[in-house]
Amino acid sequence: MSNLDRLAEPVRRWIWQQQWTKLRDVQEKAIPAVLAGGDVVVSAKTAAGKTEAAILPLLTRVLGREEREAAGFAILWVSPLKALINDQFSRMEALCETCSVPLHRWHGDVSASAKKRARERPSGVVLITPESLEATLVRRGREAGRLFGDLDAIVVDELHAFIGSERGMQLQSILTRIEVAAGRERIDRIGLSATLGDMWLAAEALRPGGGDRVTLVDGLDPGNGVRLQIRGYEIARSRPLPEDGKAGPTNDEAEEAKDSSTPTETEAPLVPKPVADDLFRLLRGRSNLLFAGSRDRVEVYADTLRAMCEDQRLPNEFFPHHGNLSKAEREDVETRLRDDPRPTTAVATTTLELGIDIGDVDGVAQIGPGSSVASMRQRLGRSGRRAGKPSVLRIFAVEDAIGPGGSPVDRLHLDLVQSIAMVECLKDGWCEPPSIGGLHLSTLIHQILAVICQTGGIRPTTAWRLLCERGPFRTVDRALFVELLRGIAAPDVRLVEQSPEGLLMIGEEGEHVTATHDFYAVFATPEEYRIVHGSRTLGTKPMDQTIAPGQTMIFAGRRWRIVEVDDRARVVTVKPAKKALPPAFGGDWAGAHDRIVETMRAVLAGEETYAYLDATAEKLLADAREAWRDLALATTPILSSGRGVVLFPWVGTRKLETLALALMARDFVASVDGHVIEVDDAHPKAVAEVLAEMAASPPPDPQPIVDRVAKPVRAKFDGFLPKGLMDLVTAIERLDVASVPEVAARLVGSRD
DNA sequence: GACCTGCTGCGGCGTG
């Protein structure tokens with residue numbers, strides 16, 4: 001018997017109106033779990049019907065409750081994106097109406113009057129962002145009991161997107177604060193998540209400290225199979241790529257003339273011709289997603305493919321999509337993908353990996369290995385959603401042509417090898433676990449300020465119990481909490497102060513910080529210029545680079561020249577140009593997980609053949625394996641190179657960077673380049689001696705290593721931390737000092 | 001050699 005019969009009558013009526021013949025697997029499983037009460041994580045891939053899996057039984061619960069005197073919201077539905085809230089609102093509107101349950105949208109783009117109405121007569125379901133929830137607690141803390149005291153359940157949509165992040169810590173903290181303000185022991189939490197390698201992490205993220213009591217519901221995914229290919233390209237580079245942003249031409253007539261000239265023969269194209277030709281041939285005429293890896297590359301690839309359409313007098317079907325493009329530019333692409341019959345390829349960053357509704361695409365392509373196996377899996381799920389259609393993923397591995405005399409690292413074709421390693425990890429069913437265990441002191445500072453605003457003043461002990469004992473900051477003990485409070489109450493900081501009665505109050509600087517609307521978000525955002533053409537805002541660009549009139553840039557997939565820069569208003573006015581340079585957005589490299597780099601070593605050292613490689617990729621892999629043998633890297637992971645040394649420990653980026661800093665603390669000039677460490681002006685024997693000593697000793701003193709981290713301040717409130725606490729955060733969240741002996745042993749252990 | 005996300009309250013003005 002289907003669990004359909006356990007749903008309330010109006011809910012069943014709505015299902016009947018939808019003409020559903022039966023419930024999806026994940027819905028059948030979720031209904032009894034949600035009806036039973038308690039915490040539940042529902043996991044399934046995108047578009048499997050998770051929303052209905054949660055809302056149908058939740059509405060049944062709400063309709064089954066006896067009418068109560070005190071009003072209040074019944075269901076709090078927290079979502080990471082405004083766009084998702086809008087999608088979900090239209091999906092739930094008719095259902096809620098059938099059930100006579102009010103449905104509210106609550107985020108920054110919703111009118112203040114609609115929010116006021118919801119606040120004055122709170123009831124039914126409210127779809128809200130963490131930031132809007134934070135704002136409500138901070139500005140109307142005394143109303144929290146009235147608004148949330150009668151909640152039946154809290155839903156966290158896209159739970160996986162919150163795990164381990166600053167925003168995730170904030171959300172967990174807010175959920176605790178709501179339970180406490182509502183005077184409730186606990187309120188049921190329902191998490192909706194993508195499938196993770198380890199679902200216990202999702203359970204623990206939903207209920208910190210109580211993950212083992214969360215019910216896990218996993219939707220079956222029969223799937224339509226996967227067609228995956230790695231395409232190799234061996235490109236002779238006569239000249240290096242132009243350096244980003246630095247070579248902007250000056251504003252004069254000669255430059256205007258240059259706009260219309262064609263690129264000279266010696267100038268290397270930004271996208272190698274064989275790669276561009278294949279992309280054009282394989283993608284044109286269908287609907288695809290092309291993940292280019294960075295915003296700069298999104299612009300360059302979209303511009304190159306658009307220009308190819310124009311050269312062949314064909315209508316353009318390639319459009320860029322990334323976080324710095326305006327909402328209007330992005331929505332045009334999304335709508336065209338979803339509703340327009342014309343073939344469309346969106347060239348994108350990670351913006352199109354998550355939940356936004358764009359329907360199904362024919363294929364997915366990506367340039368290079370991509371940032372993680374987890375993201376490769378999400379991308380794969382974007383195609384092959386229609387019955388009988390497999391998921392199609394093409395990975396373009398672009399490598400330099402290089403002879404036996406070339407640089408050892410380049411001969412290993414590590415981009416291709418990493419692509420293979422990541423596909424192998426994916427086939428094994430593994431993906432990176434979210435990184436948890438950080439101290440998150442920046443976010444804790446935020447939560448201390450927020451709780452003071454919410455309550456009007458709080459005792460330090462009460463704050464610690466709320467945020468660290470009951471809330472999510474479990475790694476912060478009383479002593480550390482007191483040290484943090486002393487730091488942010490210091491006379492030169494003054495975020496907080498203590499009243500004569502011992503209550504924590506907002507200090508002078510804290511008044512400034514909490515007064516602005518920028519306060520509600522816990523993540524930092526760079527200052528940006530707005531890029532404007534005529535009356536249309538194309539998007540924004542970070543202001544760390546120098547921007548000057550006369551410079552050209554590719555932006556929103558088209559070519560522009562900067563006409564005017566208004567530094568006060570932070571507006572850059574542009575006009576069309578015939579030729580332009582790629583824009584520079586900057587960014588940091590998050591690095592690869594240990595398991596990926598270990599698999600890369602196994603790929604190089606092994607003899608396995610991979611059926612998903614094309615002929616060039618096979619040839620490049622053979623060349624890389626030949627280099628591996630020539631260089632005897634299996635037995636000699638320390639190579640002499642020019643006047644320096646190259647180290648191949650085959651560990652993930654965090655351990656690699658820690659070892660490089662440890663060598664710097666021993667007065668070597670060491671730097672990380674991809675998956676290797678380069679030591680300048682050093683003799684292999686001298687480096688090996690120090691490594692042997694590190695391998696035989698306990699982990700080194702972290703302080704000299706921490707002191708060499710280039711930019712320690714990263715999170716929004718890091719700047720308010722006393723140095724000792726900033727160093728602690730750096731050591732715990734960015735380094736792995738304990739691994740130094742083991743990584744050093746990998747380099748010297750195999751030489752004896 | 002990376003990416004993404006969010007926002008209150010109030011004063012002033014125009015419109016129905």
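Protein chains get the first letters and strands the later ones, always in sequence-line order, with residue 1 at the start of each. This is a predicted model, so every value here is computed, not measured.
Between F555(A) and F585(A), the ring planes lie tilted relative to each other; the angle falls in the 30° to 60° range.
If you measure from atom CZ of F585(A) to atom P of dC4(B), you get 9 Å, rounded to the nearest angstrom. Atom-to-atom, CD of E143(A) to C1' of dG9(B) comes out at 14 Å; the value is rounded to the nearest Å.
In the set dG1(B), dT5(B), dC7(B), dT5(B) carries the atom at the smallest distance from any side-chain atom of R167(A). You'll find that the side chain of W589(A) is closest to dG1(B), out of dT8(B), dG1(B), dC4(B). If you check dG1(B), dG6(B), dC4(B) against the side chain of H675(A), the one that comes closest is dG1(B).
Close to dC7(B), at under 4.0 Å from its OP1 or OP2, lies a side-chain N or O of S132(A). Contact between the side-chain N/O atoms of R295(A) and the OP1/OP2 oxygens of dC3(B) is found at a separation under 4.0 Å. Within the 4.0 Å cut-off from OP1 or OP2 of dC4(B), at least one side-chain nitrogen or oxygen of T349(A) is found. Close to dC7(B), at under 4.0 Å from its OP1 or OP2, lies a side-chain N or O of T129(A).
Ion pairing between a basic and an acidic side chain is recognised when a charged N comes within 4.0 Å of a carboxylate O; D357(A) and R91(A) show no such pairing.
Using a 4.0 Å heavy-atom criterion, one finds that K115(A) contacts the sugar-phosphate atoms exclusively.
The base of dG6(B) sits with one of its N or O atoms less than 3.5 Å from a complementary donor or acceptor on the side chain of D518(A).
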